[in-house]
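Shown next, in structure tokens, is the structure this report addresses.
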Amino acid sequence: FFFQAEDGIRDAQESRGLGDVYKRQIVYFPLDALKTRLQASSKKINYVEVSKKVGMFKGIGPVITFSFPNSVAFFTIYDEAKIQLKQKTSINHNLIHLVGSQFGEFCLSLINCPVEIVKQQMQLGLDKTIFATARSIHRLHGLNGFYVGYSAMIFRDVPFTGFMWLAYEPLKDRTLRLKGELPWFDSVINCLLYTSDAADDLLCVDLGGRRVIKKK
């Protein structure tokens, strides 16, 4: 997934990456909605019951709208941070990925936190549209209302992102070297990708890749 998503966002060539990004968000969104409603419920109000008429995909609008811009912003900041760190510091090569990705995630959280707040308000059925939700939050809490839980998001996402890219970048480099050194390795990778394609076809969903949706 990381290879596909990175290619789909950073390269102009054909890729299923962006489609996979959206598809997974759509597939797993009902679970996210259920999690939000369970966490927000209390003895006074059970949002799982209250939100039954709302729908499990309520609130997916902000996620779909900001997924691509967020990804572009992250990779732009991440790549520029790596360039600056290489040129102006003597930091270890692997730590460049750690620091660069954490800086990118920190900047991205300034966008992600308001999106998460709006999404969760809609998942609970408190407002019907993105703009109505944003107005309601601003009216009741001002700009601070869009950053409730911001510190928790930072402590959760920034370290995770850093260590993920710290592991991913060397793995990617090693995989690319193996593709050049071992002729059979490329066949294994292609086999895995086509196996993934076959699984995707069962859903008949492709929002940004090589295939078209099958007609029944």
(Q) When you measure from the side chain of Ser101 to the backbone of Leu98, do you find a donor-acceptor pair of N or O atoms at a distance under 3.5 Å? (A) yes
Q: Answer yes or no: is there a donor N or O on one side and an acceptor on the other, between the side chain of Asp127 and the main chain of Thr129, under 3.5 Å?
A: no
Q: Spell out, as yes or no, whether a donor-acceptor pair under 3.5 Å connects the side chain of Ser109 to the backbone of Asn112.
A: no
**Q.** Point-to-point distance, once rounded to the nearest 0.5 Å, from SG of Cys113 to CD1 of Ile154
**A.** 8.0 Å
Q.
Ring centres under 6.0 Å, that's the criterion: do Phe103 and Trp165 meet it?
A. no
Q) So, Thr36 and Gln123: side-chain donor and acceptor under 3.5 Å apart, yes or no? A) yes
Q: Find out whether Thr133 and Ile137 are in side-chain contact, i.e. whether some heavy atom of one side chain is under 4.5 Å from a heavy atom of the other.
A: yes
Q: Answer whether the closest heavy-atom distance between the side chains of His93 and Glu169 falls below 4.5 Å.
A: no
Q.
To the nearest 0.5 Å, what is the distance between CG on Leu166 and CZ on Phe163?
A. 7.0 Å
Q) Between Lys119 and Asp32, is there a salt bridge with N-O shorter than 4.0 Å? A) yes
Q.
Distance check, rounded to the nearest 0.5 Å: Leu110 atom CG versus Tyr147 atom OH?
A. 5.5 Å
Q) Are Phe160 and Arg156 close enough that some pair of their side-chain heavy atoms sits under 4.5 Å apart? A) no
Q.
Rounded to the nearest 0.5 Å, what separates atom NZ in Lys88 from atom CD in Gln84?
A. 4.0 Å
(Q) Around atom CZ of Phe57, are there more than 12 heavy atoms from other residues, nucleotides or ligands closer than 6.0 Å? (A) yes
Q. Can you check whether Gly61's main-chain N or O pairs, donor with acceptor, with Thr65's side chain at less than 3.5 Å?
A. yes
Q) Looking at OH of Tyr78 and CG of Leu108, how far apart are the two atoms once the value is rounded to the nearest 0.5 Å? A) 14.0 Å
(Q) Let's go through Glu105 and Phe74 carefully: what are the C-alpha distance in whole Å and the side-chain angles of both, what is the deciding distance for side chain to side chain contact (heavy atoms under 4.5 Å, CB included) to 0.1 Å, and is it a yes or a no? (A) CA-CA 7 Å; Glu105 184 63 34; Phe74 172 80; 4.2 Å; yes
